[in-house]
K.L.:
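So that we are looking at the same thing, I have put the structure below in structure tokens.
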Number of protein chains: 2
Amino acid sequence: MSVLPVSRGGAGDGTAPGAAPAPRRASTRRRLFEAAVVLIAEQGFSATTVDEIADRAGVAKGTVYYNFASKNVLYEELLRDGMDLLSGSLRRAADATVAAGGSHVGALDAMIRAGLDFIAGSPALMQLYVAELWRTNRTWRATLTSVRGRALTVVESVLHDAVAAGELSAELDISLTASALLGMVLVAALDWQSFQPDRSVEDVHAALSRLLQGRVAGGP
Amino acid sequence: MSVLPVSRGGAGDGTAPGAAPAPRRASTRRRLFEAAVVLIAEQGFSATTVDEIADRAGVAKGTVYYNFASKNVLYEELLRDGMDLLSGSLRRAADATVAAGGSHVGALDAMIRAGLDFIAGSPALMQLYVAELWRTNRTWRATLTSVRGRALTVVESVLHDAVAAGELSAELDISLTASALLGMVLVAALDWQSFQPDRSVEDVHAALSRLLQGRVAGGP
DNA sequence: ACTTTTAGACTGACCAGTCAGATCAAAGGG
DNA sequence: CCCTTTGATCTGACTGGTCAGTCTAAAAGT
């Protein structure tokens, strides 16, 4: 029996440094993530039992603890994993737009679309993110702050470039604006999924885009 | 001993139909609300125990159950109470602006300010609202849908008036825009409180106002 | 006189985390 | 080829603790 079956330090997805690409563990972990994200989004972290997660993933309870040090750790790694996907998706959307010769404002618009698509694809992840983000709770503060920072940085960098290119006013408060934009997309997307699922992505995108481009209260 | 010590039907704040304006109960209920909102915002609903709530309110556990049928009911009434305050505050801000001869877009701006002030005054309530709003969970679905609807209606009515007055384009998707605006304010305010508490309300208001008035990507 | 609060013991259910043993898959050995 | 070994992976009954909700008799408030 090994001393510590799971990742000991910080960043660990299961694959050991120089060893083989990890056998079934990866698959088991993935199934546990998938089960946990849905259940926790539905019921909340505390209300979701480890037994439920194990059941839904089709494994025994012990397996959960073989793969993750605790329920808390499972949640943290889940969060990190998922939010990294979102940040990556936003970044790619922005880069692609700029690479294709689009404006920086166009890149912002592309990020809105990418955000909507992402949330439409896996609303549960975003639900569990916003549900915990502003807790004064110490437990996951570090993890949450870190994933929030990574997503915000992407938006901020695009805003920064846009200002540098003269597309946006230099008076813009980049940090606050990035947070507001992210919030706008987040809430609109979750509201859309929960309360108006009949609307198309295009509708939602158009409404947000209009807001971004100042065609609500300012523009022509 | 009475059959059911607490409100039997739907809307009950403690004052019986024709009786006296309720003795100490009102005060006890208020203290329980105040204790619960802070604890639940910090830790989440499931992680907060009834004993903790009673302790913090300086009341015996039995008193909680004398005043509320269950932990769930306490939470629901808390939510309804608090969100009604927010809706009222938004409505008043809008009405005051229009009454003072301001534009409808000005009313929107005033609502943004009112929302920020409200959240700054009691961030806990809003934390617990967003933490539960998008849960697929059946338990409080009805309550949450209802309080969300009441707040959104206020924003939608102002948007509607603005369109009617020709201040905003008739192509505006009122429902989606209202949801996006509310989300923008909500997230910006919570982010401000949690991650940039050093910023002033004016800064945050200015950033959001700029977004609303199209001076981010569209304006002059 | 009637309502409201107290203090806290108690219960029955539920749950995170543990552990000793079962099972698997891969790499030899014959 | 089939058999054995080895370590990694998985299993599920079990433990110790926690918590919502109940109940009491008496005290306090109005």
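Here is the naming used below: chain letters follow the sequence lines, and residue numbers restart at 1 for every chain. These numbers were taken from a predicted model, which means no experiment stands behind them.
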K.L.:
Strictly below 4.0 Å, heavy-atom distances to any atom of DNA chain C: list the hits from residues 31-41 of chain A, or just say none.
P.N.:
none
K.L.:
Is the closest basic N to carboxylate O distance between A:R56 and A:E52 below 4.0 Å?
P.N.:
no
K.L.:
Rounded to the nearest Å, what distance is computed from the CZ atom of residue A:R25 to the P atom of nucleotide D:dG7?
P.N.:
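For the pair A:R25 CZ and D:dG7 P, the rounded distance is 17 Å.
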K.L.:
Rounded to the nearest 0.5 Å, how far does NE2 of A:H205 lie from CG of B:L176?
P.N.:
12.5 Å
K.L.:
Rounded to the nearest Å, what distance is computed from the CZ atom of residue A:F68 to the C1' atom of nucleotide C:dA16?
P.N.:
16 Å
K.L.:
Do the side-chain N or O atoms of B:Y66 get closer than 4.0 angstrom to the phosphate oxygens (OP1, OP2) of C:dT5?
P.N.:
no
K.L.:
Taking only the side-chain nitrogens and oxygens of B:R24, find out if one of them lies under 4.0 Å from OP1 or OP2 of C:dT4.
P.N.:
no
K.L.:
Do B:F33 and B:F68 have their ring centres less than 6.0 Å from each other?
P.N.:
yes
K.L.:
Please work out if A:V59 contacts a base, only the sugar-phosphate, or nothing of the nucleic acid, heavy-atom cut-off 4.0 Å.
P.N.:
sugar-phosphate
K.L.:
Could you walk me through whether A:D191 and B:W134 satisfy the side chain to side chain donor-acceptor pair (under 3.5 Å) test, starting with their C-alpha distance in whole Å, then the side-chain angles of each, then the deciding distance to 0.1 Å, before giving a yes or no?
P.N.:
CA-CA 7 Å; A:D191 250 57; B:W134 299 292; 2.9 Å; yes
K.L.:
Give the intermediate values and the outcome of side chain to side chain donor-acceptor pair (under 3.5 Å) for residues A:S209 and A:D109.
P.N.:
CA-CA 6 Å; A:S209 199; A:D109 200 61; 2.5 Å; yes
K.L.:
A:T63 side chain N/O closer than 4.0 Å to the phosphate oxygens (OP1, OP2) of D:dT11?
P.N.:
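Indeed, a polar side-chain atom of A:T63 lies that close.
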K.L.:
Assess the pair A:W140 and A:F45: is the distance between their ring centroids shorter than 6.0 Å?
P.N.:
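Aromatic pair counts; centres sit under 6.0 Å.
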K.L.:
Just the atom pairs and distances: protein N or O near nucleotides 17-25 of chain D's N or O, under 3.5 Å.
P.N.:
residue : atom : partner : partner atom : Å
D:dA20  : OP1  : B:T48   : O            : 3.4
D:dA20  : OP1  : B:K71   : NZ           : 3.1
D:dA20  : OP2  : B:V50   : N            : 3.0
D:dA20  : N7   : B:K61   : NZ           : 3.4
D:dG21  : OP2  : B:Y65   : OH           : 2.9
D:dG21  : OP2  : B:K71   : N            : 3.1
D:dG21  : N7   : B:K61   : NZ           : 2.9
D:dG21  : O6   : B:K61   : NZ           : 2.9

K.L.:
Thinking salt bridges, do A:R113 and A:D117 make one under a 4.0 Å N-O criterion?
P.N.:
yes
K.L.:
For the pair made of CG in B:N67 and C1' in C:dT6, what is the distance, rounded to whole Å?
P.N.:
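In whole Å, C:dT6 C1' lies 13 Å from B:N67 CG.
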K.L.:
Give the minimum heavy-atom separation between A:R141 and A:T136, together with the two atoms involved.
P.N.:
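That would be NH1-O, 3.3 Å.
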